[in-house]
4 protein chains.
Amino acid sequence: MESRTSKTRKKILEAAIEEFAQKGFSATTTLEIAQRAQVAEVTLFRHFPKKKDILHFAVLDFVDVFTGNFAFNSLKVIVDHNKHKPIKEILKLIILDRREFLQEYFPYIKVIFQEMQFDEEVRTIYLEKIAKQVSLLFSELFSEIKEREKIKNIDSFILMRSFIGMAFMMIMQRYFIPSENKFEDFDKEIDIVVDIFLNGILDK
Amino acid sequence: MESRTSKTRKKILEAAIEEFAQKGFSATTTLEIAQRAQVAEVTLFRHFPKKKDILHFAVLDFVDVFTGNFAFNSLKVIVDHNKHKPIKEILKLIILDRREFLQEYFPYIKVIFQEMQFDEEVRTIYLEKIAKQVSLLFSELFSEIKEREKIKNIDSFILMRSFIGMAFMMIMQRYFIPSENKFEDFDKEIDIVVDIFLNGILDK
Amino acid sequence: MESRTSKTRKKILEAAIEEFAQKGFSATTTLEIAQRAQVAEVTLFRHFPKKKDILHFAVLDFVDVFTGNFAFNSLKVIVDHNKHKPIKEILKLIILDRREFLQEYFPYIKVIFQEMQFDEEVRTIYLEKIAKQVSLLFSELFSEIKEREKIKNIDSFILMRSFIGMAFMMIMQRYFIPSENKFEDFDKEIDIVVDIFLNGILDK
Amino acid sequence: MESRTSKTRKKILEAAIEEFAQKGFSATTTLEIAQRAQVAEVTLFRHFPKKKDILHFAVLDFVDVFTGNFAFNSLKVIVDHNKHKPIKEILKLIILDRREFLQEYFPYIKVIFQEMQFDEEVRTIYLEKIAKQVSLLFSELFSEIKEREKIKNIDSFILMRSFIGMAFMMIMQRYFIPSENKFEDFDKEIDIVVDIFLNGILDK
DNA sequence: GATGAATGAGCCTTCATTCAT
DNA sequence: TATGAATGAAGGCTCATTCAT
């Protein structure tokens, strides 16, 4: 395996992720990856002895990006930089921020969710390097929020899961079934979802 | 293709879904399916000329079950049978009911969500035979609810998506990462989630 | 793996041994074997999942022949059937008999001696199924001889090894370097070799 | 091709012979040779454009050693230096001498016997540079012997072949199947074999 | 002289599928 | 209806070899 900064290596990894996202790991051939990366098929194997290695290293590279991105642009930073704004605004900013990230790294994320179902190593990486970190950041977020607003005494994990559930569903639906979008205005839709999260659907 | 009621056919379909759920469509071999179904490999091809046919007919068979189940035991029925109970209870019943269904047909659902990303036909079946129906039923549900309780004027689709987002995430997490369960009591957890949906997280 | 009597299986095994004898196991491709056997390359793998299996089963099949041949036409039988003849004649008959066998199964023998150097399993088969048996038979042979003629008190193993050494060298040389043959008459050459073995080279 | 005395060249050749002896020419990869020689794989190809060249030059280098060794320490020399000793002793000395040589250059000899079966050039080198010389030397040896002792009028080639047959078998067996050694004392075993060669096995 | 990177050719092997019974 | 046997196409991977430095 060559240095982790090799240009060819990067080309292969990027090509691979595109293909995996499109057809799934198993249905993607090494030839297809090579062709998209514009290298000979063998060259793949110089860099990654096994096809699976390509998947693992792509995921690992994403983890690096993810960690860097989250560290720098973490939820906490968003909260800190917007202390004066109401919670509603902060949650909205978070959704917008994450949605941008999601869009940029969509293929990686798609592949991770796909393949973690079948591949032990991807699953482990996801759980230990991604899920854990997200969980932690959301815990911090809700701690911040609790200091400023009175919120019900609900377990942080459930809070996070519920918020992510709604937000993620919204983003995914916009991505996969754009036809169903009644609101062209994403902004307004976020407002609604955040309001449900904060105040519920009942009209009092 | 043999009659849709053949016993062998059913064995094959069931075996296939198990394998697909475990390893993905592409990574599953016809031999593995045949072995699990305890028939010769060729027999598969008597019933389903192409491997893809197995997937499609399995999904289609599930759609039949799904339609029957939903028709009989639909959200509407739940609502009708529980008119006297508070909304909170009704939503809870829905989650419990759907969770049971999810557990019983988990492999089918997993496979559909997996393969709809890669297979046009599965995607079409999902959107037209499943998503549409679910959407409709939830619309009816929220109409019912609106007649009894005052709820904010939110688009039905967003309501549904938010509810499903939270509920689905809860069920999935319990399924995939049971280790994270702080609440052994699923009942209590549902109560919390339904409360968030109805009243939000803010403590007034 | 199909039944050990399949016709295709036999064709493959025979083709393989020819190729292995000609080029060595490692330098022989499965395609070459398939072509010589006049079957599709994949068919090989239906019968023998791994290329190595072809080698092992070919050797094993030879062992069966060898055992059968030796059991029926054993040295002992030769001795018994020729009790009246002088030892000289008997040893000669043995060489002629073994030479015929060697000629018929030359590719098998060549492959076994070749590959036992690299392959643990071939080596084991050779040592346990062939060498051991040969050793036993020669022991019996020399016991028979000792009953009839006075021979020096030499360890049976050394006797055998020396006899085989001389006889084998003769046969092999005739096979590999026929150009060196000064005696076209194999019969006479055998007489000489047997005489050396019995009486030595010194002229008294 | 670099000079025949280059240090790298020698390292490669020695590594190659070890590998060839262990796994056979065909089953040995250039990478394995390079790794054992502790050079980069490409470096091999600087010195030997084709993999086969490595084999041929290794064999050729051995021929040089062999020629030198035989010229200096030839059978004739042994005979000359031991004129006073009985033939029995001389033959014994020869076996001991050759056995030592065999042990030192075992990998080379193994590879030559292996690959001469498949490779025209190795075969030619063997026949013309080695076998011929051995043949010649043994002719001389038996001429010497004939001058001193009366031996039967047997063709020199057969004499040599029989002697080598017995001696070689003994050495090889000790090498390959040491477990069968009833005599720990190699000296005594040689005595027996030489005696068979000279006087035969019959007890008169 | 030595090497890191890349590759064409081809190998063993797998897989979905067909044929013949 | 079911199956044992055979196969074309292709897949992952290896190997000797070349290119560029």
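Note that this is a predicted model, so its numbers are computed, not measured.
- Checked against E:dC15, F:dC13, E:dT3, the side chain of C:V42 finds its nearest nucleotide in E:dC15.
- Nucleotide F:dT21 is matched to E:dA2 when pairs are restricted to Watson-Crick or G-U wobble geometry with both distances under 3.5 angstrom.
- Rounded to whole Å, the distance from CD1 on B:I33 to C1' on E:dA16 is 11 Å.
- When rounded to the nearest whole Å, the span between CD1 of A:I54 and C1' of F:dC13 equals 11 Å.
- Among the nucleotides F:dA16, F:dT3, E:dA16, the one closest to the side chain of B:T29 is E:dA16.
- In this structure the side chain of D:E115 never reaches within 4.5 angstrom of the side chain of D:V59, judged on heavy atoms.
- For B:E32 and B:K23, the salt-bridge test passes: some basic side-chain N is under 4.0 Å from an acidic carboxylate O.
- Phosphate contact (OP1/OP2 of F:dA2, side-chain N/O of B:T8, threshold under 4.0 Å): present.
- Using N1 to N3 plus N6-O4 or O6-N4 for Watson-Crick, or N1-O2 and O6-N3 for G-U wobble, each under 3.5 Å, F:dA9 pairs with E:dT14.
- Distance CZ (A:R46) to C1' (F:dC19): 13 Å, rounded to an integer number of Å.
- Rounded to a whole Å, the CG atom of D:L31 is 17 Å from the P atom of E:dA6.
- Note on A:T28: only backbone sugar-phosphate atoms sit closer than 4.0 angstrom, heavy atoms only; bases stay farther off.
- Of the listed nucleotides (E:dA6, E:dG4, F:dT14), E:dA6 has the atom at the smallest distance from the side chain of A:T43.
- Contact check for D:F62 versus D:I130: side-chain heavy atoms found under the 4.5 Å cut-off.
- Each of F:dG12, E:dT7, F:dT17 was ranked by its minimum atom distance to the side chain of A:V39; first place goes to E:dT7.
- E:dT14 atom C1' lies 14 Å from atom CD of B:Q35, rounded to whole Å.
- If you take CZ of C:F45 and P of E:dC12, they are 7 Å apart, rounded to a whole angstrom.
- One can place NE2 of B:H47 at 18 Å from P of E:dA16, the figure rounded to the nearest angstrom.
- Taking for each of A:E41 and B:K51 the nucleotide of DNA chain E with the nearest heavy atom, the 5'-most of the two is the partner of A:E41.
- Within 4.0 Å (heavy atoms only), B:T30 reaches at least one base atom of the nucleic acid.
- Protein atom NZ of A:K50 is 12 Å distant from nucleotide atom C1' of E:dT13, rounded to whole Å.
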Let's go through B:H47 and B:D53 carefully: what are the C-alpha distance in whole Å and the side-chain angles of both, what is the deciding distance for side-chain hydrogen bond (donor to acceptor under 3.5 Å, both in side chains) to 0.1 Å, and is it a yes or a no? CA-CA 9 Å; B:H47 288 265; B:D53 295 336; over 6 Å; no
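- Between B:K129 and B:D64, no side-chain nitrogen of the basic residue sits less than 4.0 Å from a carboxylate oxygen of the acidic one, so the salt-bridge criterion is not met.
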